[in-house]
Participant: 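Below you'll find the structure I mean.
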Amino acid sequence: VTGRAIGGYFELELPDSKTNLYPQARRFQSARASFLALLRAGNPKRVWMPRFICDAMLAPLRSAGIEIGYYAIDAHLEIVDDVSLAKDEWLFYVNYFGVSAGNVDKVLSRFDPAQVVLDHSQAFFAAPRQCLATIYSARKFFGVPDGGLLITELPIAEPHEIDDGSLGRSTHLLKRLLGAPEPGYPDYQRAEQSLEDFEPRQMSPLTARILGAVDIDAARMKRNANFIFLHERLGGSNEFHIDLSRVDGPLCYPFFTLNSNIRQALIRQRIFVATYWPDVMVLVEENSTEAGFARNIIPLPCDQRYNQADMQAIVDLCSILLSK
Ligand SMILES: Cc1ncc(COP(=O)(O)O)c(C=O)c1O
């Protein structure tokens with residue numbers, strides 16, 4: 001008997017699948033896994049990476065035994081080093097916070113796009129560019145357990161295995177629906193830990209189904225509205241320059257302030273802000289631009305869960321903290 005099952009108990013109720021933003025993408029369990037699949041297919045001699053990067057993206061290079069070259073960035077997150085890219089080398093650049101499309105333009109005009117890998121893990125809504133590859137990570141933008149997307153013209157072997165970890169990575173998503181985020185935090189950490197296995201696998205049907213149910217356009221518009229609201233009120237105190245005309249569906253509002261108490265004070269008030277990225281500190285000098293970003297960029301939430309009243313609460317709290 002091989003027919004489609006009909007009847008019986010229900011699955012979790014979800015909206016119907018919507019249009020897929022990136023139908024051309026290959027789907028893996030994480031951005032890391034996508035990157036490793038790409039590295040195996042292209043086998044570059046060396047990959048030039050920023051030091052301002054999530055350590056997770058260095059792991060696939062180490063695992064594949066590919067040499068890493070590092071370049072420095074400036075206060076605008078642009079590449080400052082004079083990287084001369086040999087024929088068998090790649091350059092990896094991040095669309096930081098989803099606000100760096102202008103920098104991506106410059107990277108693609110400065111280097112041969114056929115050697116450039118773009119990390120859009122923080123820029124889900126930024127369209128893939130004409131280059132070697134563009135990589136996405138779904139769970140930083142939506143309530144999905146995992147998921148990485150890879151868009152490239154390199155022929156990539158489809159992984160045999162289908163990821164079967166997504167069910168175990170879903171408990172924090174359900175717990176947060178019950179109410180407060182704190183009880184699900186250990187589950188979230190466990191889910192993150194399980195993604196440290198980045199042997200490429202196909203995205204699980206569970207993740208694909210939840211991702212398909214997301215109202216992508218609504219999420220994009222809410223992120224834009226929240227971002228603009230924050231920028232209008234906090235932009236004057238933000239040391240990081242933002243080109244609003246190139247912001248579309250950003251990850252967060254990157255608020256750069258030398259007031260070093262703000263991050264912990266926000267967290268104490270249960271406005272949960274991450275640090276991008278603690279591991280940067282082991283790669284850079286104490287007084288480098290990268291260390292400054294890792295220490296002082298506060299990624300304020302502006303995602304689709306929130307409205308103007310939430311943004312106002314963030315602004316009010318920041319204003320009090322900034323005046324101290
Ligand atoms: C810029 C960037 N790229 C890639 C990753 C890794 O994505 P994934 O966890 O889906 O492998 C992260 C963080 O996890 C990130 O911040």
Side-chain angles (χ1 to χ4, degrees), residues 22 25-40 47-64 68 70-71 73 77 79 90-101 103-104 107 116-126 128 133-151 159 163 165-166 168-170 172-173 188-204 207-208 210-211 249-252 254 273-281 283 290 293-294 297-299 301 303:
Y22 302 122
R26 286 157 208 282
R27 298 161 157 234
F28 296 87
Q29 80 272 30
S30 65
R32 275 162 269 187
S34 314
F35 190 33
L36 182 55
L38 181 76
L39 290 169
R40 285 180 181 161
V47 181
W48 290 91
M49 302 288 291
R51 290 186 188 84
F52 187 53
I53 184 68
C54 176
D55 191 59
M57 281 320 239
L58 300 173
L61 288 158
R62 295 181 186 127
S63 144
I68 304 174
Y70 288 102
Y71 61 77
I73 53 167
L77 300 165
I79 302 173
W90 294 354
L91 182 117
F92 183 99
Y93 187 75
V94 180
N95 182 331
Y96 292 102
F97 317 116
V99 306
S100 307
N103 293 356
V104 168
V107 167
V116 172
V117 177
L118 291 178
D119 184 346
H120 282 195
S121 295
Q122 297 195 327
F124 189 86
F125 295 92
T134 311
I135 293 170
Y136 297 87
S137 179
R139 77 186 185 292
K140 300 180 181 79
F141 283 79
F142 312 109
V144 292
D146 46 53
L149 305 180
L150 171 63
I151 294 168
D163 171 43
S166 63
R169 278 179 221 119
S170 295
H172 62 288
L173 303 174
Y188 166 73
Q189 288 179 305
R190 257 196 311 280
E192 288 295 312
Q193 233 168 45
S194 81
L195 289 170
E196 285 168 20
D197 172 4
F198 49 77
E199 181 58 34
R201 296 187 180 87
Q202 287 180 52
M203 180 188 285
S204 94
T207 303
I210 303 174
L211 189 56
L251 178 76
C252 60
V273 289
T275 297
Y276 298 123
W277 292 271
D279 298 317
V280 165
M281 292 305 192
L283 295 177
E290 287 88 351
F293 276 121
I297 282 264
I298 310 206
D303 63 72

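Counting starts at 1 for both ligands and their atoms, following the listed order. Count residues from 1 along the sequence. If you're wondering where the values come from, they're calculated on a predicted model, not measured in any experiment.
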Participant: Which one holds for S121 and ligand 1: side chain close, backbone close, both close, or neither close, with close meaning a heavy atom under 4.0 Å?
Facilitator: side chain

Participant: Near Y70 OH, under 6.0 Å, is it more than 12 heavy atoms from other residues, nucleotides or ligands?
Facilitator: yes

Participant: Would you mind running through ligand 1 and noting each atom that sits below 4.0 Å from a heavy atom of R139?
Facilitator: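 Close to R139: 8 (P), 9 (O), 10 (O).
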
Participant: For atom 1 (C) of ligand 1, which protein heavy atom lies nearest, and how many Å away is it?
Facilitator: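 Ranked first by proximity to atom 1 (C) of ligand 1 is D119 OD2, 3.4 Å.
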
Participant: Does ligand 1 have a heavy atom under 4.0 Å from the side chain of F198, from its backbone, from both, or from neither?
Facilitator: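 For F198, there is no contact with ligand 1 at all, from either part.
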
Participant: Which bit of A31 is near ligand 1, meaning a heavy atom under 4.0 Å away: side chain, backbone, both or neither?
Facilitator: both

Participant: Using the side chain to side chain donor-acceptor pair (under 3.5 Å) rule, pick out the option among R201, Q29, R169 that qualifies with D146.
Facilitator: R169

Participant: Starting from atom 15 (C) of ligand 1, locate the nearest protein heavy atom and write down its residue, its atom name and how far away it is, to 0.1 Å.
Facilitator: C54 CB, 3.5 Å

Participant: Evaluate the ring planes of F124 and F141, with Trp represented by its six-membered ring, and classify them as parallel (under 30°), tilted (30 to 60°) or perpendicular (over 60°).
Facilitator: tilted

Participant: Can you figure out which of R32, K140, E196 has its heavy atom closest to atom 11 (O) of ligand 1?
Facilitator: R32

Participant: Between E192 and K140, does any NZ, NE, NH1 or NH2 come within less than 4.0 Å of an OD or OE carboxylate oxygen?
Facilitator: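 Judged by the 4.0 Å cut-off on N to carboxylate O distance, K140 and E192 do not form a salt bridge.
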
Participant: So F97 and Y276, would you call those rings parallel, tilted or perpendicular, with 30° and 60° as cut-offs?
Facilitator: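 If you compare the ring of F97 with that of Y276, the planes turn out tilted.
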
Participant: So, taking the atom named CG in D197 and the one named CG in D163, what distance separates them when rounded to the nearest 0.5 Å?
Facilitator: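 Spacing of CG (D197) from CG (D163) equals 8.5 Å.
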
Participant: List ligand 1 atoms under 4.0 Å from M57, heavy atoms only on the residue side.
Facilitator: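 Taking each heavy atom of M57 in turn, ligand 1 has 3 (N), 4 (C) under 4.0 Å.
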
Participant: Check each atom of ligand 1 against the heavy atoms of W277 and keep those under 4.0 Å away; list them by number with element.
Facilitator: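 Reading through ligand 1 atom by atom, the close ones are 1 (C), 16 (O).
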
Participant: So among F52, F35, Y71, which one has a ring-ring contact (aromatic ring centres under 6.0 Å, His included) with F92?
Facilitator: F35

